[in-house]
Amino acid sequence: MDYTLNCNGRLLDLSTPQVMGILNVTPDSFFEGSRKQTEEEIVQRIHQIQVEGGSIIDVGGCSTRPGADCVTEAEEIERLRFALGIVRREVPDAVVSVDTFRPDVARMAVEEYGVTLINDVSEGAEEKMFRMVARLRVPYILMSVQPTMREMLLRFAREVDVLRSLGQKDIILDPGFGFGKTLEQNYEVMRDLEQLGLMQLPVLVGISRKSMIYRLLESDPSHALNGTTALNTIALLKGASILRVHDVREAVECVRIVTATRSQYR
């Protein structure tokens with residue numbers, strides 16, 4: 001869709017879909033290959049995302065996988081400070097998002113490290129976070145845990161109204177694949193994904209190597225890249241503006257192919 005995000009005064013054009021590369025600084029994320037904890041590993045991952053064509057680096061300090069222990073706010077902040085300091089040293093002009101459900105973590109990331117986006121991974125957004133991101137004046141990714149597209153649209157409409165009333169400008173919708181949904185419901189939401197276009201807001205899709213893929217294919221996260229690519233392609237065809245992924249190069253190739261295919265019919 002024709003939409004631009006204001007990223008610390010720079011405009012990120014979403015008329016061509018963008019790829020967000022995942023940088024997990026946790027010891028227990030569901031995909032083992034995404035865990036980066038040493039300075040060397042973090043530096044390597046930062047540059048890999050950029051070299052492979054990712055335009056956003058998404059940093060997480062608290063795993064959201066089912067059954068994961070929820071670390072304290074202090075530990076999440078400590079992990080993020082370590083990683084964000086390296087990110088800003090290595091690629092000071094990068095567009096960086098932080099995925100967190102804690103308003104004070106969001107504040108720290110924006111005020112101390114100039115983080116560009118807040119990716120709210122809470123299972124039901126709260127007004128405290130809404131007030132925080134509106135005060136920080138950064139783009140906000142609003143995730144849904146609703147199990148059906150109808151319920152999702154109704155909840156999004158209410159939440160977007162609240163955010164707008166607080167002065168929030170840029171809002172990105174995330175249907176929350178893998179959160180609050182059965183395997184079948186995840187695929188029903190993907191089937192109906194284009195309906196989110198009714199909100200006239202950009203949509204982020206994060207299905208990279210998730211259980212909705214490897215459970216269906218009777219596999220595991222390490223063998224879920226092909227399924228991820230298939231679903232990313234479907235998501236792009238249904239209007240996704242941002243893909244949040246572990247495998248950046250493959251997602252960038254999806255974007256290039258879908259964009260080229262569309263251009264043939266203009």
Within residues 160-178 or reaching into it, pairs that qualify as salt bridge (Lys or Arg N to Asp or Glu O under 4.0 Å) - sequence neighbours excluded:
none
Those residues at least two apart in sequence (or on a different chain) that pass salt bridge (Lys or Arg N to Asp or Glu O under 4.0 Å) with E75 are R79
Shortest non-hydrogen contact from G61 toward V25:
CA-CG2, 3.9 Å
Once side-chain hydrogen bond (donor to acceptor under 3.5 Å, both in side chains) is applied, what residue pairs with a partner in residues 185-199 remain, sequence neighbours excluded?
T182-Q185, E194-K238
Is there a side-chain contact between E39 and F82 in this structure, where contact means two heavy atoms from C-beta onward sitting under 4.5 Å apart?
yes
Is there a path of hydrophobic side-chain contacts, each under 4.5 Å between heavy atoms of I/L/V/M/F/W/Y residues, joining F179 to L154?
no
Report yes or no: do L11 and L14 belong to one cluster of Ile/Leu/Val/Met/Phe/Trp/Tyr joined by side chain heavy-atom distances under 4.5 Å?
no
How far does CG of L117 sit from CG of L5, to the nearest 0.5 angstrom?
6.0 Å
Over 12 foreign heavy atoms within 6.0 Å of CZ, R89
yes
Do we see a donor-acceptor contact under 3.5 Å between the side chains of N24 and T26?
no
side-chain contact (heavy atoms from CB on, under 4.5 Å) assessment of L153 paired with M199
CA-CA 8 Å; L153 284 167; M199 299 292 299; 4.0 Å; yes
Please tabulate, for side-chain N and O atoms in residues 52-60, each donor-acceptor pair with protein atoms closer than 3.5 Å (sequence neighbours left out).
| residue | atom | partner | partner atom | Å |
| --- | --- | --- | --- | --- |
| E52 | OE1 | R249 | N | 3.1 |
| E52 | OE2 | Q48 | NE2 | 3.3 |
| S55 | OG | Q18 | OE1 | 2.7 |
| D58 | OD1 | S97 | OG | 2.2 |
| D58 | OD2 | R244 | NE | 2.8 |
| D58 | OD2 | R244 | NH2 | 3.1 |

Using the side-chain contact (heavy atoms from CB on, under 4.5 Å) rule, take V95 and M20 through it: C-alpha gap first, then chi angles, then the decisive distance, then the call.
CA-CA 9 Å; V95 176; M20 172 188 284; over 6 Å; no
Look at the side-chain heavy atoms of Ile, Leu, Val, Met, Phe, Trp and Tyr, link any pair under 4.5 Å apart, and say whether V205 and I257 land in one connected group.
no
When rounded to the nearest 0.5 angstrom, what is the spacing between NE2 in H47 and CD1 in I42?
12.0 Å
Less than 4.5 Å apart, side chain to side chain, heavy atoms only: is that true for L173 and P202?
no
Nearest heavy atoms of V138 and V115, plus distance in Å
CG1-O, 3.9 Å
Counting C-beta onward and ignoring hydrogens, is there a side-chain heavy-atom pair between L193 and P175 closer than 4.5 Å?
yes
Please lay out, stage by stage, how V248 and Q50 fare under the test side-chain contact (heavy atoms from CB on, under 4.5 Å).
CA-CA 9 Å; V248 173; Q50 293 223 310; over 6 Å; no
Atom OG in S208, atom CG in N232: separation rounded to 0.5 Å?
7.0 Å
Could you tell me which residues satisfy salt bridge (Lys or Arg N to Asp or Glu O under 4.0 Å) with R215, sequence neighbours excluded, listed by chain and number?
none
Applying the 4.5 Å side-chain criterion to the ILVMFWY set and letting contacts propagate, would V91 and V51 be lumped into a single cluster?
no
Below 4.0 angstrom, N of the basic side chain to O of the carboxylate: do R45 and E90 qualify?
no
Flag side-chain contact, heavy atom, 4.5 Å: T4 against L12
no
Identify the residue among R135, M108, K128 that makes a side chain to side chain contact (heavy atoms under 4.5 Å, CB included) with P103.
K128
Exactly one candidate in I242, L142, D99, V98 meets side chain to side chain contact (heavy atoms under 4.5 Å, CB included) with N119; the answer is D99
N226, CG: over 12 other non-hydrogen atoms inside 6.0 angstrom:
no
Looking only at heavy atoms, the pair that brings V189 and P147 closest together is CG2-O, 3.9 Å
Atom CZ of F130 and atom CD of E159: how far apart are they, to the nearest 0.5 Å?
4.5 Å
Taking all non-hydrogen atoms of both residues, which atom of C254 and which atom of T229 are closest, and how far apart?
SG-CG2, 3.4 Å
I'd like to check Y113 versus V87 (side-chain heavy atoms, cut-off strictly below 4.5 Å). Are they in contact?
no
First locate atom NE2 of H246, then atom CG of L23, and finally report the distance between them rounded to the nearest 0.5 Å.
10.5 Å
Please say yes or no: joined through hydrophobic side-chain contacts below 4.5 Å, possibly via intermediate residues, are V19 and L225 part of one cluster?
no
Return the minimal non-hydrogen interatomic distance between Y140 and M129, and the atom names on each side.
OH-CG, 3.8 Å
Report yes if some heavy atom in the side chain of V110 is under 4.5 Å from a heavy atom in the side chain of M132; otherwise report no.
no
Between Y214 and S222, is the side-chain contact (heavy atoms from CB on, under 4.5 Å) condition met? List the steps.
CA-CA 9 Å; Y214 63 79; S222 67; over 6 Å; no
Under a 4.0 Å threshold between the charged nitrogen and the carboxylate oxygen, would R81 count as salt-bridged to E76?
no
Kindly indicate whether the side chain of D93, heavy atoms from C-beta on, has any atom under 4.5 Å from the side chain of R10.
yes
Taking M152's backbone N and O only, do any of them form a donor-acceptor pair with S144's side chain (distance below 3.5 Å, no angle check)?
no
Heavy atoms, side chains only, cut-off 4.5 Å: are M149 and L196 in contact?
yes
Look at the side chain of D247 and the backbone N and O of E250, then say whether any donor-acceptor pair between them is shorter than 3.5 Å.
no
Only counting residues at least two apart or in another chain, list the ones meeting salt bridge (Lys or Arg N to Asp or Glu O under 4.0 Å) with E40.
none
Tell me the closest heavy-atom pair linking F177 and G206, and the distance in Å.
CB-O, 4.0 Å
Distance-only, no hydrogens or angles: does the E41 side chain make a donor-acceptor pair with backbone N or O of T38 under 3.5 Å?
yes
E111, CD: over 12 other non-hydrogen atoms inside 6.0 angstrom:
yes
Euclidean distance, R107 CZ relative to T100 OG1, rounded to 0.5 Å
12.0 Å
